[in-house]
There are 2 protein chains.
Amino acid sequence: MYIGLPLKVTLKLTRAKVKSKITLKDIARELEVSISTVSKALKNSEEISRDTKEKIQAFAKLYNYRPNNIAISLKNKRTKNIGVVIPDIVHHFFTTVIRGIEKYANARGYNVIVCSSDESFDREVINMEMLANGSIDGFIMSLSSETQLKNDYNHLKEVTDQGIPVVLFDRITNEVECDKVIIDDLLGAYTATKKMIDQGRKKIGLITTADYLSVSKARTDGYQKALTEHGLEVDESRILKLSSMEMDEELIQDFFENSDIDALLTVNEIFAVYSMRLAQKKGMRIPEDMSFIGFTDGFLSQYAYPSLTVVAQHGIRMGEVAAQMLIEKVESEAEVETYQTKILEPTLVVRDSTIN
Amino acid sequence: MYIGLPLKVTLKLTRAKVKSKITLKDIARELEVSISTVSKALKNSEEISRDTKEKIQAFAKLYNYRPNNIAISLKNKRTKNIGVVIPDIVHHFFTTVIRGIEKYANARGYNVIVCSSDESFDREVINMEMLANGSIDGFIMSLSSETQLKNDYNHLKEVTDQGIPVVLFDRITNEVECDKVIIDDLLGAYTATKKMIDQGRKKIGLITTADYLSVSKARTDGYQKALTEHGLEVDESRILKLSSMEMDEELIQDFFENSDIDALLTVNEIFAVYSMRLAQKKGMRIPEDMSFIGFTDGFLSQYAYPSLTVVAQHGIRMGEVAAQMLIEKVESEAEVETYQTKILEPTLVVRDSTIN
DNA sequence: TTGTACGCGTTATCAC
DNA sequence: GTGATAACGCGTACAA
């Protein structure tokens with residue numbers, strides 16, 4: 001009936017039969033053997049005769065047989081999936097961490113399921129519940145700002161109570177017992193501040209966020225520690241605390257107009273780069289008249305003009321470490337409940353926004 | 001025996017029993033009813049008596065019963081997972097698309113599994129095979145540069161042959177029959193080039209990549225079309241073709257030194273921002289002496305100094321559209337094999353790197 | 001050497 | 001109104 005129609009159509013009809021992957025059962029039926037024989041043959045079991053094995057393996061190869069992950073997951077109670085929940089996916093540092101996680105996890109046969117909480121408590125809860133019902137073997141996550149603000153970690157506790165391992169990174173809390181990876185944010189800010197002090201700056205400003213964000217708190221502490229240790233007083237008028245990591249151009253402009261500073265540390269790269277622009281507009285020279293240091297070694301810092309000195313957070317490394325810790329927990333039979341917090345060292349990447 | 005030990009320890013022992021989620025079977029055993037009764041009761045079936053239902057529902061709630069996703073996936077042959085394969089995760093445009101996909105997909109109860117191919121053909125193949133064996137209901141993907149270079153799409157064809165729906169976005173190919181979403185790259189480049197022509201620029205340069213990358217090809221075509229239509233000749237010495245989207249500072253410096261241009265279009269934002277820096281170092285004023293336009297409306301463009309005029313690619317919208325097309329295919333019973341390519345309109349976001 | 005039976009957790013159908 | 005059974009796809013202990 002289809003004679004004369006273009007080849008394409010004929011092929012499609014043939015394909016229709018093949019559609020939806022071939023299973024052990026299909027092979028067994030076709031070759032008139034039992035399912036278990038097929039299963040064993042495909043695993044090259046010694047139990048099966050060479051003839052049968054070859055026949056089955058050839059057939060399987062021909063039809064491109066692949067075991068169904070879902071069935072295996074159900075059987076093994078192991079999904080080989082890692083759930084990653086982060087506050088924001090359009091964010092250099094977090095994607096860098098994901099890259100590290102993927103690198104380590106993929107090499108060990110794990111998939112990475114990424115969900116962004118979008119800085120929302122509710123979305124964080126929903127995403128975790130979704131994934132916790134069997135979809136993943138463990139979580140790697142960084143808390144949303146709303147979660148840190150509410151200080152409510154019941155969703156995390158429920159998950160750990162079910163025996164699902166969790167590794168927290170960057171934005172963490174002491175309220176939950178689990179493995180953690182962070183950089184030494186205090187040290188990072190301390191080093192950066194000290195760098196500027198060493199260059200002779202005496203009026204160092206800080207743009208940070210409210211203290212509920214764990215990382216900002218630590219960075220603010222580091223900044224203050226450096227000042228104090230070097231005999232400089234902490235002047236609140238030189239500190240701007242924004243309510244979140246969101247850019248607020250007006251507040252920064254205001255701050256910049258009204259505070260008397262000759263150097264500026266910020267808790268991310270955007271605040272710093274934006275501030276540099278304000279300085280330039282006022283005709284200041286960077287770094288001669290004013291120094292800038294930010295956090296996060298992203299594209300913005302590299303390609304800003306002048307390029308920005310930053311505290312690098314080594315996201316890839318952090319992701320690898322987190323993945324390693326998680327997979328270790330997932331694959332360990334032992335029920336030992338011992339948790340560790342790994343603290344990575346930040347690095348100061350010196351560029352043109354500070355005097356060399 | 002544990003009397004006197006801190007509460008925490010006692011709790012942990014209790015938890016040990018609760019560990020690993022409760023199943024229908026557990027409830028059935030505990031309440032001395034059959035599994036099917038439990039299943040029906042929890043779905044509020046009319047078949048079950050009020051008393052039994054209440055008892056079971058209360059028990060389930062108390063022990064926080066949640067159906068196991070994996071078991072349901074196996075039964076329904078639906079995972080409610082979408083596989084996303086992109087060339088690079090540390091990339092503003094792609095993460096923006098992911099955000100759009102997540103937004104649409106999550107609202108419909110789908111998870112997003114993200115894998116990055118890292119611009120590698122092999123990793124793209126491996127990731128797809130991994131996911132195709134039952135882990136996902138469909139793919140949304142953008143081709144790696146290596147794939148476009150090799151022009152080998154058998155892994156995609158295998159997947160579609162199995163009846164797994166695929167939606168390609170941004171970096172697409174005509175070799176595979178499936179749904180596609182792109183922006184009109186040619187139009188975007190055309191509009192940008194025309195903008196500079198209208199401002200009186202006559203020596204407009206272009207930094208692009210080799211033609212195998214579908215988007216670069218289209219953008220190069222748009223640039224040339226604009227020139228030709230406005231009576232300007234296409235001067236090859238004003239075009240720099242890099243081998244990939246990777247930054248190559250040396251080649252760009254070279255190009256910048258040796259070519260006679262008064263305006264520059266680039267196929268991403270990094271090339272443009274870096275070039276602006278070179279111009280500034282040469283003492284040129286932007287946009288008075290030279291205009292710049294890039295592709296991708298990211299942080300770099302927004303916070304560069306001067307801020308960069310760009311062709312916005314509307315990643316979020318693209319992600320939403322892709323997710324919508326995919327989910328429609330996934331959920332449609334019909335076997336209709338009709339594919340569409342949606343073309344989104346790019347927008348020129350005018351900033352300070354061009355004369356207003 | 002091959003096959004049978006069972007279990008992973010769930011749902012749908014059918015029997016009682 | 002409740003329960004037994006089969007099925008989704010796979011692996012494996014055990015039986016033949």
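In what follows, every chain begins at residue 1, and chains take the letters A, B, ... in the order their sequences are listed.
- Between the side chain of A:Glu119 and the backbone N or O of A:Ser145 there is at least one donor-acceptor pair closer than 3.5 Å.
- The two residues B:Val181 and B:Val167 come nearest to each other via the heavy atoms CG2-CG1, 3.9 Å.
- Electrostatic pairing of A:Arg99 and B:Asp88 counts as a salt bridge here, judged by a charged N lying under 4.0 Å from a carboxylate O.
- Of all heavy-atom pairs between A:Ala60 and A:Leu42, the closest is CB-CD2, 3.6 Å.
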Atom pairs, N/O to N/O, protein against nucleotides 10-12 of chain C, distance under 3.5 Å?
residue : atom : partner : partner atom : Å
C:dT10  : OP1  : B:Tyr65 : OH           : 2.6
C:dT10  : OP1  : B:Asn68 : N            : 3.1
C:dT10  : OP2  : B:Leu24 : N            : 2.8
C:dT11  : OP2  : B:Ser39 : OG           : 3.3

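- At its two ends the helix from C:dT1-D:dA16 to C:dC16-D:dG1 runs along axes set 70° apart, each axis drawn from five pairs and the angle rounded to 10°.
- Between the CD1 atom of B:Ile56 and the P atom of D:dG1 there is a distance of 14 Å, rounded to whole Å.
- Here B:Ser34 reaches the OP1 or OP2 of D:dG3: one of its side-chain N or O atoms lies under 4.0 Å away.
- With hydrogens and angles ignored, the 3.5 Å screen pairs no side-chain donor or acceptor of A:Asp137 with any backbone N or O of A:Ile82.
- B:Lys21 and B:Asn68 form no side-chain donor-acceptor contact under 3.5 Å, judged by distance and modelled atom types alone.
- For B:Thr52 and D:dG1, the shortest distance from a side-chain N or O to OP1 or OP2 is not below 4.0 Å.
- Phosphate contact (OP1/OP2 of D:dG9, side-chain N/O of B:Lys77, threshold under 4.0 Å): present.
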